Amino acid sequence: MSLQKYYARFREDRRAKTDDRSIVKMEHIVTRFPPSPTGSLHIGGARTALFNWLFTRNRGGRFILRIEDTDVERSTDESVKAIMDAMEWLELTWDEGPYFQTNRLDVYSEYAKKLVDSGNAYWCQCTPEELEMRRNAAMAEGRKPKYEGACRTKAFGPGPNRVLRFRAPDTGTTVLRDIIKGAIEFDNSELDDLVIVKSDGIPTYNFAVVVDDITMGVTHVIRGDDHVNNTPRQILIYQALGEKLPEFGHVPMIHGEDRSPLSKRHGATSVMEYKKMGFLPEALVNCLVRLGWSYGDQEIFSRSELIEKFTLENIGKSPSIFTMEKLLWLNAHYIKEKRPEELVSPLRPFLALRNYTDKSDAYLAGAIRTLQTRSHTLVEMADAMRFYMVDEVEFDPAAADEFLTPEIGKVFELIISELSNLETFDENSLETVFRKIVADLGIKFGKIAQPVRVALTGATKSPGLFEIIEVLGKKSVVERLQKGLKYTRER
RNA sequence: GUCCCCAUCGUCUAGUCUGGUCCAGGACACCGGCCUUUCACGCCGGCGACGCCGGUUCAAAUCCGGCUGGGGACGCCA
């Protein structure tokens, strides 16, 4: 599929969902999620997107997807797709976009020109190498490694290998009034003249975001804590442009178990990896939202509840650690909660991966129902499903050895004949038959349960006997019992 | 190094703004028990934290200061 068509697909999607918003109060809130397409959507980015999305849906605003691809070297179409796929899986629908910064170069030039004309920007021809050296020297001497303004007064015009720098004030303070963190004051002397247009004519991040947020009418900038230090620079640019500031809210970071930034060595970082591991999107969403945000003691939230209850005020200030423990529990919860039929299609890919022969939706749903309280993930479920899917089960040697004994053979014969004559093959009648057999033989049900279980599933652990028998059906059950019987005779 | 942020059970967190109702509540994980045809589910119980020091106060998890620890930023990356 071409990228164009791909985007169009999402556009269609959006149109369909736009009307939902009219039922919510409109407050003209505009937010955005601006990933840079240099990889897949990861846990941290997903949570930022989720917070923005929830905030916007709660307030009845517009949520924009903007692709920040000004790093031409590292940006790829593949990443754009990966990010949109992940957002689609999490159902983080956007109302506008995706916009691409590389398509908006004219807009940035226009704003760059404004800054040059007003004396707030100047051309600089210091080379990256020189800059690097000066930075290192400053660090070595314990000084803040900032640009000292060598080209400030040279009045260069644009030219090859020249960059445009923003002329930052040397004195005074800039205050960031953060919705989440409160007021943070920065000494302007800490800031330097940052590059806003690179020598290839492409704007840098700090400039492009500001121009985009201004021109797209963004009212609330909600992003990761790692952007706090960029914010005073951006505020200065807003001011130089004479524009009104948006509200800023910086959400605390998510770390790995050793409190270092979340990375591959902490396990899966990409949202789609969690899909592959058999997690349900609602579980990931529920897990992610509780990292930094809370609503009293409540742990489980439906999507509509989240939209209703989400506010920025309930976001905490301290960073959190992402572990899979709660996610696993949440996933198990949602697996239990769903109707078996709803799990059929999400489970199918996992079944296919195991090369099981295909079964009907109804059969699958029946099998799923027996495994819902026993699975933390779809992977676990697909694995546990094996005995439902194969024609012939292979006995676990230890289990067969312990339970498929010669003595149990006679019992099997009786069960086989009773079951063969049974008309209605449901849990209730099954239970009646077994209780009768047990009573006739004068033994405890526990005596025969494990042997039958081994014959039917090959293992000592499984869902309840009667549910298994009902799902498997008479033919398969009788065959398996006969195979078990054969084993007891031939051992 | 400089600047900025953060700090409650192992983890996610409530409580901190508006000190007393908190010898700190919930959830996950872990441990024990019950239920039981196995395994799970479920239910009941247990373990377990206000980083440290000082100050303010009749009273501090809550306010103030310092320390320590962790994180972030300091790019012609975003």
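Below, chains carry the letters A, B, ... as their sequence lines are ordered, and counting in each starts from 1. Treat the numbers as computed from the prediction; the structure is a model and nothing was measured.
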Which pairs count as ring pair (Phe, Tyr, Trp, His ring centres under 6.0 Å) when at least one residue sits in residues 139-191 of chain A, sequence neighbours excluded?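 Qualifying pairs: none.
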Among pairs that include at least one residue of residues 322-342 of chain A, which meet ring pair (Phe, Tyr, Trp, His ring centres under 6.0 Å), considering only residues two or more places apart or in two chains?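 Those involving residues 322-342 of chain A are A/Y274-A/F322.
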Would you say the side chain of A/R453 and the base of B/U37 hold a donor-acceptor pair, judged only by whether the two atoms sit under 3.5 Å apart?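 Yes, a donor-acceptor pair under 3.5 Å.
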Report, one pair per line, the protein and nucleotides 14-19 of chain B atoms (nitrogen or oxygen only) whose separation is under 3.5 Å.
unit_1	atom_1	unit_2	atom_2	d
B/A14	OP1	A/S294	OG	2.8

Atom C1', compared across B/U57 and B/G65: separation rounded to whole Å: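 It works out to 16 Å between them.
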When all nucleic acid strands are considered with a 4.0 Å heavy-atom cut-off, which category describes A/L291: base, sugar-phosphate, or nothing?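 Sugar-phosphate: the residue A/L291, judged by heavy atoms under 4.0 Å, touches backbone atoms but no base.
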Using a 4.0 Å heavy-atom cut-off, does A/F322 contact any base of the nucleic acid, only the sugar-phosphate backbone, or nothing at all?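 If one applies the 4.0 Å heavy-atom cut-off, A/F322 turns out to touch nothing in the nucleic acid.
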Whether A/K317 contacts B/C6 is assessed here as follows: a side-chain N or O lying under 4.0 Å from the phosphate OP1 or OP2. Is that the case?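 Result: yes.
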So, does A/R259 get its side chain near the phosphate of B/A7, meaning an N or O under 4.0 Å from OP1 or OP2?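 False: A/R259 side-chain N/O out of range (4.0 Å or more) of B/A7 OP1/OP2.
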B/A29 pairs with, by Watson-Crick or G-U criteria that keep both distances under 3.5 Å: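 Pairing partner: none.
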Sub-3.5 Å pairs of nitrogen or oxygen atoms, protein against nucleotides 41-46 of chain B:
unit_1	atom_1	unit_2	atom_2	d
B/C41	O3'	A/K336	NZ	3.2

Should A/Y487 and A/F412 count as side-chain neighbours, where that means a heavy-atom distance under 4.5 Å?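 A side-chain contact is absent here, since even the closest heavy-atom pair is not under 4.5 Å.
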Non-neighbouring partners of A/S260 that pass side-chain hydrogen bond (donor to acceptor under 3.5 Å, both in side chains), sequence neighbours left out: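 A/S260 satisfies side-chain hydrogen bond (donor to acceptor under 3.5 Å, both in side chains) with A/D258, A/R265, A/H266 once adjacent residues are dropped.
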Atom pairs under 3.5 Å: protein N/O with N/O of nucleotides 75-77 of chain B:
unit_1	atom_1	unit_2	atom_2	d
B/G75	OP2	A/P145	O	3.2
B/C76	O2	A/S199	N	2.9
B/C76	O2	A/S199	OG	2.7
B/C76	N3	A/S199	OG	3.2
B/C76	N4	A/C126	O	3.3
B/C77	OP2	A/K198	NZ	2.6
B/C77	O2'	A/D71	OD2	2.7
B/C77	O2'	A/R74	NH2	3.1

